[in-house]
2 protein chains.
Amino acid sequence: MTQRTASDAGQTGGLPRQRRTFSIGELAKIFEVTPRTIRFYEQEGLLAPERRGQTRIYCEKDRVRLKLTLRGKRLGFSLAEIREVVMMYDAMPDGNARQLQRLLEILADKRANLERQLEDIRLMHKELDDVESRAREVLSGLGVEPPKH
Amino acid sequence: MTQRTASDAGQTGGLPRQRRTFSIGELAKIFEVTPRTIRFYEQEGLLAPERRGQTRIYCEKDRVRLKLTLRGKRLGFSLAEIREVVMMYDAMPDGNARQLQRLLEILADKRANLERQLEDIRLMHKELDDVESRAREVLSGLGVEPPKH
DNA sequence: GCCGAGGTTTACGTTAACGTAAAGTGCTTG
DNA sequence: CAAGCACTTTACGTTAACGTAAACCTCGGC
């Protein structure tokens, strides 16, 4: 785990609103991933940046997609699952009824997943509290001042 | 993802309290994993059941360990990370100060991770709401009654 | 006494998600 | 114009977390 704190990076910071584009290296730095990762996501159908010559040009929309993808990953979704949602989202306007129904199903599934994760987090939190207090007890029993946190 | 709903399975249901043991197959059924998975966790140092002959006998404590392990997995922890906490927890009474300090560090790290996940879930929830409402709009635009959920 | 159900070990196979290395392209800067 | 830097493609390597298959034991029942 030990994820660095790029957190939800990628704010544009009040620029000319919309004509900002990014190179693959810029995006990589912003989100603290390697260019290889970004190219891999494209190969998996999660991104489709424009090209100038053979160089990739990422627009604002691409940046958002990448952000959502990484968030999904942190929540344990596979790239395939993420693609399933992201692509349907894009194809929505001309999506037929069956597709949309399917999308709603998927969303419900994801939602259930999030609920379970919330519960897991609650429980895990308790465990951590327990382990920590036990550790602090033992420490002070050793005459060592534990860090106040 | 699409995790089945064994959820937090594995309640003993008011039995003689404590002398209950389990075969590998029983545990596998309870938690909806394969015996292979359970053996693998043992090989990775997450479980250490007793043996009768060469057959594994799991006690209540083993069951709890497995439960915690699976919960950790659902939260995206690697087996190595889970082992790190679980084993230190067990070795606590005779753990030296350095070990315990390290444990507290790890716990803080996990905690930070959970915080981030909570935020991610909040955000993801919003996205799902957005996608879903858009989908419902399009659907009703097609004259199709979307499921009331 | 044999059979099937469940357990065991050993070992090779598989999948996802990248890492890494090689070899080439293209700009711009001293 | 040579060097360097950022980009590209191609392709093989790696790790985690199991799956799967083969070959074996062992026990209760008929």
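The chains referred to below are lettered A, B, ... by the order of the sequence lines, with proteins before strands, and numbering in each begins at 1. Just so we're clear, the structure is a prediction, and the values are computed from it rather than from any experiment. Basis for what follows: all heavy atoms, side chains included, without hydrogens, waters or symmetry-related copies.
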Less than 4.5 Å apart, any side-chain heavy atom of A:E42 and any of A:R56?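 Yes, close enough: below the 4.5 Å cut-off.
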Any side-chain heavy-atom pair from A:Y41 and A:L70 closer than 4.5 angstrom?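 Yes - at least one pair of side-chain heavy atoms lies under 4.5 Å apart.
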ILVMFWY cluster membership beyond B:L68 - transitive side-chain contacts under 4.5 angstrom: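 Noted: B:L68 shares its cluster with B:V64.
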For A:E115, check side-chain hydrogen bond (donor to acceptor under 3.5 Å, both in side chains) against everything at least two apart and list the hits.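 Once residues adjacent in sequence are excluded, the partners of A:E115 under the side-chain hydrogen bond (donor to acceptor under 3.5 Å, both in side chains) criterion are B:H125.
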List in chain and number order the residues that pass side-chain hydrogen bond (donor to acceptor under 3.5 Å, both in side chains) with B:S23, two or more places apart in sequence or in another chain; answer none if no residue qualifies.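 Scan of B:S23 (side-chain hydrogen bond (donor to acceptor under 3.5 Å, both in side chains), adjacent residues dropped) gives none.
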Is the phosphate of C:dT8 approached by B:R56 (side-chain N or O, under 4.0 Å from OP1 or OP2)?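 For C:dT8, OP1 or OP2 has a side-chain N or O of B:R56 closer than 4.0 Å.
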In chain order, what residues pass the side chain to side chain contact (heavy atoms under 4.5 Å, CB included) check against [X], with sequence neighbours excluded?
X      : answer
A:K61  : A:C59, A:D90
B:A135 : A:M92, A:L100, A:L103, A:L104
B:E84  : B:R102, B:I106
A:T55  : none

Rounding to a whole Å, what distance do you find between B:E26:CD and C:dG6:C1'?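 Result: 11 Å.
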Using whole Å, what does the distance between atom C1' of nucleotide C:dG6 and atom CZ of B:F22 come to?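 Checked: the CZ to C1' distance equals 18 Å.
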Contacts of A:D130 that satisfy salt bridge (Lys or Arg N to Asp or Glu O under 4.0 Å) - sequence neighbours left out: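 Per chain and number, A:D130 pairs via salt bridge (Lys or Arg N to Asp or Glu O under 4.0 Å) with no residue.
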With sequence neighbours excluded, tell me which residues meet salt bridge (Lys or Arg N to Asp or Glu O under 4.0 Å) with A:E44.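 A:E44 satisfies salt bridge (Lys or Arg N to Asp or Glu O under 4.0 Å) with no other residue.
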Along DNA chain D, first and last positions that approach a heavy atom of chain B under 4.0 Å: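 Nucleotide range in contact with chain B: D:dA17 to D:dT20.
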Check: protein-nucleotides 23-29 of chain C nitrogen or oxygen pairs below 3.5 Å:
none

Describe, as an angle rounded to 10 degrees, how the axis at the first end of the helix from C:dG1-D:dC30 to C:dG30-D:dC1 is tilted relative to the axis at the last end, five pairs per end.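 Terminal axis comparison yields 10°.
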If you look at every strand shown and take non-hydrogen atoms under 4.0 Å, does A:R51 touch a base, only sugar-phosphate, or nothing?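 Result for A:R51 = sugar-phosphate.
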Heavy-atom nearest nucleotide on DNA chain C for A:T34 versus B:K29: which residue maps closer to 5'?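 By nearest-heavy-atom nucleotide position, the 5'-most residue is B:K29.
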